[in-house]
Amino acid sequence: MTQKYSGMPVFEFLRGVKSKNIDITDFYGALFAELKKLQKKYNYFVTLSEESASAQLKHNPGGALSGLALSVKDNICTKGIRTTAGSKILEDYVPPFDATCISKVKNEGGIIIGKTVQDEFGFGTFSVNSAFGAPKNPIDPERSCGGSSGGAGGLTAALEFPHVAIAESTGGSISAPAGFCGVYGLTATYGRISRYGLVDYASSLDKIGVMAKNVDDISLVLSKIAGKDAKDSTSLAEKVDDYVGAKIDLKKLKIGVPREFFGSEINEEIKKSIWAQIKKLEAEGAKVEECSLPNTEFSIPAYYIIAMSEASTNLAKFCGMRYGATLPLEGEFNEYFSKVRGNYLGEEAKRRIILGTYARMAGYRDQYYLKALKVRQLIINDYKHAFKKYDVLISPTMPFIAPKFSEIEKLTPVQHYYADILTGSPNLAGIPMLSVPCGKSKGMPVGMHILGDYLAEKTILAVGKEISG
Ligand code: GLN
């Protein structure tokens with residue numbers, strides 16, 4: 001039964017549903033049986049939403065995504081389906097509303113199959129900071145899927161049924177799992193997709209995006225969820241491109257290769273794989289030039305200061321009064337808040353709240369938070385300058401292949417943060433990025449990062465398509 005749907009491309013599936021050649025009830029029966037098997041083995045879901053999927057199937061409005069299985073990162077609110085953001089403090093939180101991107105896919109007939117595992121509130125690069133267990137890499141279960149959208153990445157790689165994942169990135173959370181699991185991951189321009197209904201981590205950085213087994217599937221879902229939303233004042237009004245089938249003439253493509261992204265801290269085999277792919281593009285007519293993003297070395301300190309500062313204020317609402325976990329009301333308010341937060345927040349969340357509060361405290365604000373904002377502007381200027389000359393920039397996605405859990409355990413928090421050395425900077429700038437599979441190293445996938453100018457999703461998807469053949 002499972003065999004029938006295994007390897008079926010999303011577009012073929014959608015045609016089959018439309019023409020009624022696919023029995024949707026049979027498909028979802030087989031799909032959930034498979035998801036439960038995967039869940040036991042790899043832990044990709046916090047919640048599997050079989051019941052609400054069948055309710056959705058009964059009242060399907062039809063549309064461009066009619067019948068399509070979509071998994072959703074657990075920090076995106078889904079009406080009637082628990083949304084934990086990977087935290088114990090939201091373990092029982094069931095939103096009474098859908099995030100805008102969810103209502104959009106539902107209106108097109110998309111079916112929500114469950115909520116994928118992530119680092120608590122997005123705090124991490126390996127999904128080991130999840131309160132619901134870490135997802136395992138399907139290629140080698142002793143290794144991480146990456147993070148923070150680790151469940152989305154692992155599931156996309158492991159599941160042979162047609163499926164698309166909706167995920168989110170603040171500082172690399174789509175690219176890292178895409179790279180480590182060997183799938184495609186698009187982080188859209190900041191503001192391209194409404195953040196309404198996203199459990200915020202750092203509001204000036206959070207971006208919703210899409211992961212899939214190929215570029216076209218990403219393009220399809222992106223074109224349905226992008227666009228201005230009156231409920232998110234930071235969403236962009238620019239017209240949404242038709243991303244599906246985007247093409248590019250390689251002979252007219254100018255590729256910049258930032259030398260700062262090929263430093264000694266990046267694994268040699270990974271660099272070789274990326275260069276081999278760049279050379280191929282060059283042989284097919286693209287113009288390739290090395291270039292510089294001179295402020296790259298400051299991106300990790302700037303990113304973490306800004307991200308933690310914003311997180312420390314965004315997380316203030318989780319205090320046991322308004323959302324999520326509560327305890328018997330006792331003592332002064334401060335005592336009560338501290339008790340709830342002390343009990344239910346994880347170690348990394350506490351670390352970030354403390355550091356973020358410190359960085360924006362009177363007396364330190366100028367030295368840390370405001371300085372980081374200035375550095376961010378310099379990084380943005382570096383990209384603006386580069387995109388005057390180049391259509392895309394290319395680099396490895398991650399500095400190493402998916403690490404083993406036993407290796408991650410030994411990392412200090414700062415070493416952990418430096419895993420974002422390639423992804424922090426484009427995320428700070430808010431530009432769109434696509435991670436595409438690019439060969440293997442030691443049997444594990446290598447990801448290549450294609451960075452584009454603001455709102456140039458169409459260009460990077462077209463380049464990704466060229467590479468995937
Ligand atoms: N690893 C980065 C962090 O811990 C980015 C995570 C994310 O994009 N949510 O903040």
A.B. asks: Restricting to non-hydrogen atoms, name the atom on Pro258 and the atom on Ile394 that form the minimum distance, rounded to 0.1 Å.
C.D. replies: CD-O, 3.4 Å
A.B. asks: Please report whether the ring centroid of Phe161 lies less than 6.0 Å from that of Phe27.
C.D. replies: yes
A.B. asks: Can you measure from CE (Met433) to CD (Glu457) and round to the nearest 0.5 angstrom?
C.D. replies: 10.0 Å
A.B. asks: Working to the nearest 0.5 Å, report the span between CG of Leu455 and CG of Asp241.
C.D. replies: 8.0 Å
A.B. asks: Classify the ring geometry of Tyr42 against Tyr44: parallel below 30°, tilted from 30° to 60°, perpendicular beyond 60°.
C.D. replies: parallel
A.B. asks: Just verifying a value: how many Å separate Asn314 CG and Asp200 CG, rounded to the nearest 0.5 Å?
C.D. replies: 4.0 Å
A.B. asks: Which pair of non-hydrogen atoms, one from Phe262 and one from Pro396, has the smallest distance, and what is that distance?
C.D. replies: CZ-CD, 3.7 Å
A.B. asks: Please test Lys207 against Arg195 for side chain to side chain contact (heavy atoms under 4.5 Å, CB included), starting from the C-alpha separation and ending with a verdict.
C.D. replies: CA-CA 7 Å; Lys207 301 162 289 287; Arg195 288 183 295 115; over 6 Å; no
A.B. asks: Is it the case that the side chains of Asn60 and Gln56 hold a donor-acceptor pair, with the cut-off being a distance below 3.5 Å and no angle test?
C.D. replies: no
A.B. asks: Do any N or O atoms from the side chain of Ser127 and from the backbone of Gly146 form a donor-acceptor pair under 3.5 angstrom?
C.D. replies: yes
A.B. asks: Would you please test Leu253 and Glu466 for side chain to side chain contact (heavy atoms under 4.5 Å, CB included) and show each step?
C.D. replies: CA-CA 11 Å; Leu253 183 72; Glu466 281 296 330; over 6 Å; no
A.B. asks: Does any non-hydrogen side-chain atom of Tyr28 lie less than 4.5 Å from one of Leu57?
C.D. replies: yes
A.B. asks: State whether the side chain of Lys41 and the backbone N or O of Pro138 hold a donor-acceptor pair below 3.5 Å, judged by distance alone.
C.D. replies: no
A.B. asks: Verify whether one side chain among Thr47 and Asp74 offers a donor that lies under 3.5 Å from an acceptor in the other.
C.D. replies: no
A.B. asks: Regarding Thr296 and Asp382, is there a side-chain donor-to-acceptor distance under 3.5 Å anywhere?
C.D. replies: no
A.B. asks: Please report the shortest heavy-atom distance between Thr397 and Ser435, naming the atom on each side.
C.D. replies: OG1-OG, 2.9 Å
A.B. asks: Is a side-chain donor or acceptor of Lys213 paired with a backbone partner of Ala157 at a separation under 3.5 angstrom?
C.D. replies: yes
A.B. asks: So, Thr125 versus Asp420: side-chain donor-acceptor pair below 3.5 Å or not?
C.D. replies: yes
A.B. asks: Judged by atom type as modelled, is there a donor-acceptor pair below 3.5 Å linking the side chain of Lys106 to the main-chain atoms of Pro61?
C.D. replies: no
A.B. asks: Is there side-chain contact between Ile379 and Tyr303, with at least one heavy-atom pair below 4.5 Å?
C.D. replies: no
A.B. asks: With side chain to side chain contact (heavy atoms under 4.5 Å, CB included) as the criterion, how do Ser71 and His163 come out once you've worked through the C-alpha distance, each side chain's angles and the decisive distance to 0.1 Å?
C.D. replies: CA-CA 8 Å; Ser71 65; His163 147 260; 2.8 Å; yes
A.B. asks: For the OG atom of Ser66 and the NZ atom of Lys18, what is their distance to the nearest 0.5 Å?
C.D. replies: 9.0 Å
A.B. asks: If you measure from OG on Ser130 to CG on Asn43, what distance do you get to the nearest 0.5 Å?
C.D. replies: 7.0 Å
A.B. asks: If we only count heavy atoms from C-beta on, is the Ile467 to Ile450 side-chain gap below 4.5 Å?
C.D. replies: yes
A.B. asks: Check the angle between the aromatic planes of Phe123 and Phe121 and answer parallel, tilted or perpendicular using the 30° and 60° thresholds.
C.D. replies: tilted
A.B. asks: Does Ser441 use its side chain to pair, donor to acceptor, with the backbone of Val446 at less than 3.5 Å?
C.D. replies: no
A.B. asks: Taking only distance into account, with no hydrogens and no angle test, what donor-acceptor pairs under 3.5 Å do side-chain atoms of residues 170-183 form with protein atoms, sequence neighbours excluded?
C.D. replies:
{"residue": "Thr170", "atom": "OG1", "partner": "Glu168", "partner atom": "OE2", "Å": "2.8"}
{"residue": "Thr170", "atom": "OG1", "partner": "Asp206", "partner atom": "OD1", "Å": "2.8"}
{"residue": "Ser173", "atom": "OG", "partner": "Ser148", "partner atom": "N", "Å": "2.7"}
{"residue": "Ser173", "atom": "OG", "partner": "Ser148", "partner atom": "OG", "Å": "2.5"}
{"residue": "Ser175", "atom": "OG", "partner": "His449", "partner atom": "NE2", "Å": "2.7"}

A.B. asks: Does Ser204 use its side chain to pair, donor to acceptor, with the backbone of Ala202 at less than 3.5 Å?
C.D. replies: no
A.B. asks: How far apart are the closest heavy atoms of Glu310 and Ser203, and which atoms are they?
C.D. replies: OE1-N, 2.7 Å
A.B. asks: If you measure only the distance, is there a donor-acceptor pair under 3.5 Å linking the side chains of Asp229 and Thr100?
C.D. replies: yes
A.B. asks: Does Glu108 use its side chain to pair, donor to acceptor, with the backbone of Ala64 at less than 3.5 Å?
C.D. replies: yes
A.B. asks: Is it the case that Arg192 places NZ or CZ above or below the six-membered ring of Tyr243, under 6.0 angstrom from the centre and within 45 degrees of the axis?
C.D. replies: no
A.B. asks: Do Val72 and Ile102 have side chains that approach each other closer than 4.5 Å (heavy atoms only, starting at C-beta)?
C.D. replies: yes
A.B. asks: Hey, is Arg15 close enough to Glu12 for a salt bridge, meaning N to O under 4.0 Å?
C.D. replies: no
A.B. asks: Look at Glu269 together with Lys272 and state whether they make a salt bridge at an N to O cut-off of under 4.0 Å.
C.D. replies: no
A.B. asks: Check this for me: does any side-chain nitrogen of one of Glu348 and Arg352 sit under 4.0 Å from a carboxylate oxygen of the other?
C.D. replies: yes
A.B. asks: Is any side-chain heavy atom of Glu34 closer than 4.5 Å to a side-chain heavy atom of Leu38?
C.D. replies: yes
A.B. asks: Less than 4.5 Å apart, side chain to side chain, heavy atoms only: is that true for Asp119 and Tyr201?
C.D. replies: no
A.B. asks: Within the 4.5 Å heavy-atom criterion, are Glu265 and Pro399 side-chain neighbours or not?
C.D. replies: no
A.B. asks: Do Ser235 and Tyr196 have side-chain atoms, one donor and one acceptor, less than 3.5 Å apart?
C.D. replies: no
A.B. asks: Would you give the length of the straight line joining atom CD of Glu51 to atom CZ of Phe32, rounded to the nearest 0.5 angstrom?
C.D. replies: 10.5 Å
A.B. asks: Do Gln118 side-chain atoms and Lys73 backbone N/O form a donor-acceptor pair below 3.5 Å?
C.D. replies: no
A.B. asks: Where is the tightest heavy-atom contact between Lys79 and Asp98, given as atom of each residue plus distance?
C.D. replies: N-OD1, 2.7 Å
A.B. asks: Passes side chain to side chain contact (heavy atoms under 4.5 Å, CB included), Phe387 versus Ile431? Steps please.
C.D. replies: CA-CA 11 Å; Phe387 285 119; Ile431 56 172; 4.0 Å; yes
A.B. asks: Please indicate whether Lys271 has more than 12 foreign heavy atoms, meaning atoms of other residues, nucleotides or ligands, lying under 6.0 Å from its NZ.
C.D. replies: yes
A.B. asks: Under 4.0 Å between a Lys/Arg side-chain N and an Asp/Glu carboxylate O for Lys4 and Asp26?
C.D. replies: yes
A.B. asks: In terms of heavy-atom contacts, does NZ of Lys280 have more than 12 from other residues, nucleotides or ligands at under 6.0 Å?
C.D. replies: no
A.B. asks: Do Asp217 and Asn214 pair up side chain to side chain, a donor and an acceptor below 3.5 Å, judged on atom types alone?
C.D. replies: yes
A.B. asks: Under 3.5 Å, is there a donor-acceptor pair linking the side chains of Thr78 and Lys115?
C.D. replies: yes
A.B. asks: Provide the closest heavy-atom pair for Ile166 versus Cys101 in the form atom of the first, atom of the second, distance.
C.D. replies: CG2-SG, 4.3 Å
A.B. asks: Is Glu260 reaching over with its side chain to a backbone N or O of Leu293, donor-acceptor style, under 3.5 angstrom?
C.D. replies: yes
A.B. asks: If you define the side chain from C-beta out and look only at heavy atoms, does anything of Val210 sit under 4.5 Å from Leu220?
C.D. replies: no
